[in-house]
Amino acid sequence: MGSVDAFKALVRRDLLLAMRRRADVLTTLIFFVIVVSLFPLGVGPELETLREIAPGVVWVAALLASMLALGRLFSSDYADGTLEQMVLAPQPLGLLVGAKIVAHWLVSGLPLVLIAPVLGIQYDMSWEALGILMLSLAIGTPVLGLIGAVGAALTLGLRGGGVLVSLLVLPLYIPVLIFGAGAVDAAATGTGAGAHLSLLGAFLAVSLFFAPWAAALGLRISLE
Amino acid sequence: MGSVDAFKALVRRDLLLAMRRRADVLTTLIFFVIVVSLFPLGVGPELETLREIAPGVVWVAALLASMLALGRLFSSDYADGTLEQMVLAPQPLGLLVGAKIVAHWLVSGLPLVLIAPVLGIQYDMSWEALGILMLSLAIGTPVLGLIGAVGAALTLGLRGGGVLVSLLVLPLYIPVLIFGAGAVDAAATGTGAGAHLSLLGAFLAVSLFFAPWAAALGLRISLE
Amino acid sequence: MLEAVNLECVRGERRLFRDVGFALAEGTLLEVVGPNGSGKTSLLRMVCGLLMPAAGEILWRGQGIRRLAEEYRGQLTYLGHHNAIKDDLSGVENLLFSETMAGGEATQKSAREALSRFGLAGFEDLPTRVLSQGQKRRVGLARLAFRARCRLWVLDEPFVALDVKAVRMIADLVANQVDSGGIVLLTTHQEVDVPVRNRQTLRLGHA
Amino acid sequence: MLEAVNLECVRGERRLFRDVGFALAEGTLLEVVGPNGSGKTSLLRMVCGLLMPAAGEILWRGQGIRRLAEEYRGQLTYLGHHNAIKDDLSGVENLLFSETMAGGEATQKSAREALSRFGLAGFEDLPTRVLSQGQKRRVGLARLAFRARCRLWVLDEPFVALDVKAVRMIADLVANQVDSGGIVLLTTHQEVDVPVRNRQTLRLGHA
Amino acid sequence: MAKLNWFYFAAPNTFYPLAGKMIPWFTAAALGLAAIGLYIGFFVAPTDFQQGEGYRIIFVHVPTAWMSMFLYVVMAFWAAIGLAFNTRLSSMMAQAIAPTGALMTFLALWTGSLWGKPMWGAWWVWDARLTSELILLFLYIGFMALQASIDDPRRADRAGAVLAIVGVINVPIIYFSVQWWNTLHQGASVSITRSPSMATTMLWGMLVMALAFWMYSIAVVLVRVRAIILERERNTDWVRDLKARGAAK
Ligand code: HEM
Ligand SMILES: Nc1ncnc2c1ncn2[C@@H]1O[C@H](COP(=O)(O)OP(=O)(O)OP(=O)(O)O)[C@@H](O)[C@H]1O
Ligand SMILES: Nc1ncnc2c1ncn2[C@@H]1O[C@H](COP(=O)(O)OP(=O)(O)OP(=O)(O)O)[C@@H](O)[C@H]1O
Ligand SMILES: [Mg+2]
Ligand SMILES: [Mg+2]
């Protein structure tokens, strides 16, 4: 009972903190928007090339945005000592970490999913591809958050942790990227995205099961 | 005299700190490498498309890497009170900020310039294009650092500052990106990169002149 | 009830202490004293299970604290150098949250009462970011008002940054807890008189 | 020589104080006292020019400090709640750097001497990250050893986290500086006797 | 004398009632001009022989594009004044202008892309003017986000000012982009040095609409600045008096 209360309280607190600083929620989103919009500037304006690289670009941008947002997952709790208290709380730490990840995704993952179609239009994507884009992001971004939590926990308090974490998590992000972008690509070329999506789903299930506990372990190590 | 000493001491200290945490130097670099290498995964392996998007991708990656590194420019000095002492030092603050930017570029910009050709080869770029790529990065990355310093100074100590700073500086990064990637593109298609490069040079001159002082102003404001 | 056996602490290449031991019955205050760098904080973190001792063991009611895990942590209240409060939340929100985390029950009303007992009347709803050093410390300490049920308090320099009145009140609170059967571990460099019946002192370093 | 005229401090919506003024001749210690949150830190930061007063003015030798800028800062040594040391550098490196910044001249040798005077013999070459709370504070304070030339010291709770011996030594150092003609502004919640000839006390808040 | 007046109205408590009196006039002017402008635009101006009826979007597009740039300069100007002289009201003006500026930029982008679909066959192309206009939108958003994430209003003003000033460099880029790079977008057809190259009725319609947007912007900014004054000065005596009088009424 107490654990469920603690879970809920933690999610609520983190959402409250995000609301206090609305800029926070907005900025991950805007970062995503900007990265996606940068590519045409670098690559040039031909619609055909753009259409071709669209799924890759949107997914890479989502990946980078999630990765950046990781910095905020534990670091402020670490700096002000709240994390220490969480580790000492009489609740399973994995559960508390889970709560933090849930709140984190609601704040930094969900908005990406919702805005993605608007960006896809810039690249002249078809309606069907846009649908699959949203779906793949909806399954994929939580995976990014879960894997990222493990990396964030391990690099906590290390100087340059922000970049170190990317180094740790990117290798694990790559499969997500490949299947996520692959699903959209498949939809765009009409070969069916089912297989890709179900693999993404499997990633989600596995990481949902393991990541919170691995991250909890990482936190304990980082606090020593 | 004292000012020159202070300038040198600050550059030396920041380089020393970077050496103490070699991971830091390595990770910006590795981030850059990873981002560039991710694209073929997201976009698919056709060499022709790749060659076409190469300048854009490398430049966007350099831009993102520089942007991420910004978080480290002032934040640790801010957190431990060293920045306060810098502001109170009997030296022109703009000069000290300049020293920090120089050290920052040596640690996080220069390595990108040096590794870029290796990455360009992955995308099957010509030798000439590779040369221009290095040159454009050598002129462009200091501009990114200078503009970024202003953003970093303004967002210091704000929660979510890390992402907020991207929001502030990206608009100003865009011209650098366009002309940087444009120069490489021009070299690849044989139309001559001169005009692009001299524009980049002009950006460098202007930002070298104004940015340290604007950043110094920003720091004073942030410390209030 | 809380026992430490032959503790040894090694940080880096320096052995801070070895063969440190104590046994505290209910209703005892243990003051850990020693000069700067003698290992007081390290000892306290060991007792909490945040730091693993290089050798030796810590027992709660005869059982190793690592094994007890959540059961032990339910009995424990730790207050470190950090205040463990969120800058962007108000005092009340911070207190409510930390109580739920600790498995306790606090209400808006009781949280407000606690804060005003700790001299923060009028500041309950400000984000703690804007509070002064000492006021932040008070918000952190206010959780003690809800922790009478925890049988073990571990307080690392609780008096830092507090003004005279606040120091007095925390000292009395600690004394109360001890006299009603709690165990309290405490470090401080200030000379503060905590009026308890049973007190032990542990000296670290060669002061 | 240091004068404050009709200072007013507003933080958020709270007016902390108004019409605060003082005039300190050379060789004076000003103790700023008051309960937590009364605005001591804010006042000290104003004196340093880090915080703009809502009203009023601060004068150094008759001129506004904003105008004097670098000239004033060359005379000033400020020590805030933070220690202003880099975690990854050793004590010696920290000290050498901070002296160059302040426009002074320190050598390896003099830095080592200063550190060992501050009770850090044997710790000079460790990265300060691994030092204890009180040892870090000592590294931060050690720069005072080089700042006799600065005619104005502003010290915000310098005694926090220090053990008894260190408190004594800092108090003596301050007394020395004052008696040799310096001006020192000081806050502390501990009762520390700083043996100087000229002393003023400024009370903030209704303690 | 004039100078004295300026200082008099530079204080929020005297500017507040003045702004209150001006708002209805500007609102009326905006409505009137918009009515005239739309009438010219839809009923008087002839159908364009090249672009058909679609071109009528120009009556919104061009004025909003002009306003988007102009408002940015004004915003940066007030912000700079606030930074240099520490005058509260000018910083409040800058803060009040930002959302309207962002709205104008958005409208220019939106109407532009609506128009782009029939003209260029795409909602969006990465042309220099379009891109720099998009950057302008980001600058406005950045300004607002920065101010929103700083609690202390004075710090927010000053930080925002530095950003606004740095961003001014973008405005000439937008304006001259069509000259510096050959792009899809149309070059300036109204300029001070040359005689206008478009039909006189169209020009008139556009100018009237531009004036209407001007009036609208002034009115909205005044409303917003009044709200900001109340919010920031709510603890001063004059706002308390004002509230007391309001309650008494
Ligand atoms: C989203 C896309 C667009 C943006 C961001 C945009 C932006 C601008 C801006 C900033 C101006 C004012 C600058 C000046 O007066 O020189 C302007 C004016 C103008 N735009 Fe656009 N525009 C867009 C799309 C279009 C399209 C598709 C057309 C029609 C083919 C168009 C036609 C014009 C014309 C005729 C003017 C007036 C030029 C003059 O007379 O000075 N625009 N636009
Ligand atoms: N990696 C390391 N190498 C060498 N010494 C270390 C290392 N890590 C920690 N130490 C030493 O361990 C000690 C830390 O002790 P601790 O923080 O427990 O002291 P403390 O008694 O709480 O002191 P204070 O009163 O200053 O808070 C310091 O003397 C520090 O120098
Ligand atoms: N934005 C704000 N809104 C309301 N009050 C504020 C705001 N910012 C600061 N304050 C108040 O200003 C005061 C800060 O004062 P300051 O830090 O100078 O206190 P102090 O005398 O140094 O206290 P301490 O002894 O605890 O260090 C606190 O009372 C705090 O609540
Ligand atoms: Mg300690
Ligand atoms: Mg204080």
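Keep in mind that what you see is a predicted model, and the values were worked out from it rather than measured. Chain identifiers are assigned alphabetically (A, B, ...) following the order of the sequence lines, protein sequences preceding nucleic acid strands; residue numbering begins at 1 within each chain. Below, all heavy atoms of this structure are taken into account, side chains as well, without hydrogens, waters or symmetry copies.
Heavy atoms closer than 4.5 Å to chain D are found in both the backbone and the side chain of C:Leu162. With a 4.5 Å cut-off on non-hydrogen atoms, C:Val160 touches chain D through its side chain but not through its backbone.
A heavy-atom distance below 4.5 Å is found between the side chains of C:Leu141 and C:Ile170. Considering only heavy atoms from C-beta on, C:Leu155 comes within 4.5 Å of C:Leu144 through its side chain. Within the 4.5 Å cutoff, the side chain of D:Leu204 has heavy atoms near those of the D:Val20 side chain. Using a 4.5 Å heavy-atom cutoff, the side chains of C:Leu115 and C:Val92 are in contact. D:Leu30 places none of its side-chain heavy atoms less than 4.5 Å from the side chain of D:Ile183.
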Present all donor-acceptor pairs from chain C to chain D with distances below 3.5 Å, rounded to 0.1 Å.
residue, atom, partner, partner atom, Å
C:Arg14, NH2, D:Gly122, O, 3.4
C:Asn36, N, D:Asp163, OD2, 2.9
C:Asn36, OD1, D:Arg138, NE, 3.1
C:Asn36, OD1, D:Arg138, NH2, 3.1
C:Asn36, OD1, D:Asp163, N, 3.2
C:Asn36, ND2, D:Ala161, O, 2.8
C:Gly37, N, D:Ser132, OG, 3.0
C:Gly122, O, D:Arg14, NH2, 3.4
C:Ser132, OG, D:Gly37, N, 3.0
C:Arg138, NE, D:Asn36, OD1, 3.0
C:Arg138, NH2, D:Asn36, OD1, 3.1
C:Ala161, O, D:Asn36, ND2, 2.8
C:Asp163, N, D:Asn36, OD1, 3.2
C:Asp163, OD2, D:Asn36, N, 2.9

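Residue pairs satisfying the salt bridge (charged side-chain N to carboxylate O under 4.0 Å, His left out) criterion with at least one member in residues 46-55 of chain C, sequence neighbours excluded, are absent.
Ranked by heavy-atom pairs under 4.5 Å with chain D, the list C:Gly119, C:Gly12, C:Ala161 is led by C:Ala161.
When all heavy atoms are compared, the tightest approach of C:Phe17 to C:Leu7 is CD1-O, 3.9 Å.
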